[in-house]
S.K.: 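First the structure, then my questions, so here it is.
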Amino acid sequence: MIIFVCLTTFVVYVTWAAFQGRYYTFGPYLSPLYSPELFGNSPHSWFGAKPGWWPAIIPWSPALLVLWAPGLFRLTCYYYRGTYYRSFWADPPSCTVTEPRKKYRGENSFPLIIQNIHRYFLYIALFFLLFLSYDVWKALWFIPPVGGTDAGEESFGIGVGTIVLAINVVLLGGYTFGCHSLRHLVGGLRDRLSGAPIRRRAYQCVSCFNRKHMLWAWMSLFWVMFSDIYIRLCAMGVWNDWRII
Ligand code: FES
C-alpha cells in the first residue's frame with residue numbers, strides 16, 4: 001500500500017508538472033523534469049522557441065519532448081518492475097506466494113517481454129546524467145539583476161537551488177550506476193573477470209551501487225520530484241532561493 005501510494009503520487013505529480021509548461025526555470029536553475037530543454041522560451045533552450053510542427057491539439061510543454069526517456073527507464077527498471085507488479089496488481093502477490101495459475105509465463109511473452117528494452121533506456125539515461133551535470137554547472141553562474149553596475153555579466157555563486165540540483169545528480173547517478181543492465185554490460189558478459197582487471201573493477205563498482213539499488217531508486221525518485229517543486233515554487237514567488245555564496 002505504501003509503495004502504491006508513493007508511486008501513484010509521483011506519477012500524478014510528474015504528469016501534472018510536465019503539462020504545466022511554465023515555472024520550470026528560476027535564474028540559472030532548470031527543473032530536471034524539463035532537462036534538456038530542447039525547445040522553449042527560457043535561456044536554457046537549445047534550439048529556440050516552441051517548434052512550428054508541434055501539434056495544436058497537444059498543450060505545449062518542453063518536458064513532453066524529453067520526459068519519456070527517464071520515465072521509461074524507471075518503468076522498465078528491474079527493481080520497479082518487481083515492486084509495482086506486486087503493489088499495483090498483486091501478480092505475484094509476494095515472494096514465494098503461489099500463483100493461482102497453472103502455467104508461469106513471467107516476462108517471456110507479450111506484453112511484458114517488452115520490458116527487456118530496459119538496457120537501451122540505460123544508454124539514454126547515461127546521457128541524461130551528462131545533461132543534468134551540465135545543469136548543475138550552469139546553476140553556478142548567476143546573472144545580476146537588471147539595472148546593477150554589473151548587469152548582464154554572469155558571476156559565480158552557489159544557491160540552495162544549486163545544491164538541490166547537485167544532490168539530484170548524485171542520487172540519479174547512484175541509481176543509474178547500480179542498474180542491473182549496466183552490471184551485465186561491464187562484466188556480465190565474461191565468464192572470468194580475473195583476466196580483465198579494469199572490467200573487474202567496474203563490475204565491483206556497479207555491484208556496490210547495485211546492492212542498494214532499491215534505496216537509490218527511492219531517494220532519486222523523491223529528489224527529482226522535490227527539485228522540480230523547489231524550482232517551481234521559487235519561480236512562482238512562493239519561496240525565495242537562499243544564496244549561500
Ligand atoms: Fe533499475 Fe536498471 S535495473 S535502473
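One-based numbering, in listed order, for ligands and for the atoms of each. Since the structure is predicted, the reported quantities are computational estimates derived from the model, not experimental observations.
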S.K.: Applying a strict under-4.5 Å side-chain criterion to I, L, V, M, F, W and Y, I'd like to know whether F10 and W89 cluster together.
M.R.: yes

S.K.: Under a 4.0 angstrom heavy-atom cut-off, which atoms of ligand 1 come close to H118?
M.R.: 2 (Fe), 3 (S), 4 (S)

S.K.: Nearest 0.5 Å, please: how far is CZ in R74 from CZ in R81?
M.R.: 15.0 Å

S.K.: I'd like to check W239 versus C234 (side-chain heavy atoms, cut-off strictly below 4.5 Å). Are they in contact?
M.R.: yes

S.K.: Quick check: does C179 put an N/O/S atom under 2.8 Å from atom 1 (Fe) of ligand 1?
M.R.: no

S.K.: Without swapping roles, check the side chain of R183 against the backbone of N210 for a donor-acceptor pair under 3.5 Å.
M.R.: no

S.K.: Can you figure out which of R183, H180, R81 has its heavy atom closest to atom 3 (S) of ligand 1?
M.R.: H180

S.K.: Should the proximity of F73 to ligand 1, defined as any heavy atom under 4.0 Å, be assigned to the side chain, the backbone, both, or neither?
M.R.: side chain

S.K.: Which atoms of ligand 1 are found less than 4.0 Å from any heavy atom of Y78?
M.R.: 1 (Fe), 3 (S)

S.K.: At a non-hydrogen distance cut-off of under 4.0 Å, which region of H213 contacts ligand 1 (side chain, backbone, both, or neither)?
M.R.: side chain

S.K.: Is there a side chain to side chain donor-acceptor pair (under 3.5 Å) between Y34 and D228 once you walk through the steps?
M.R.: CA-CA 9 Å; Y34 283 74; D228 182 83; over 6 Å; no

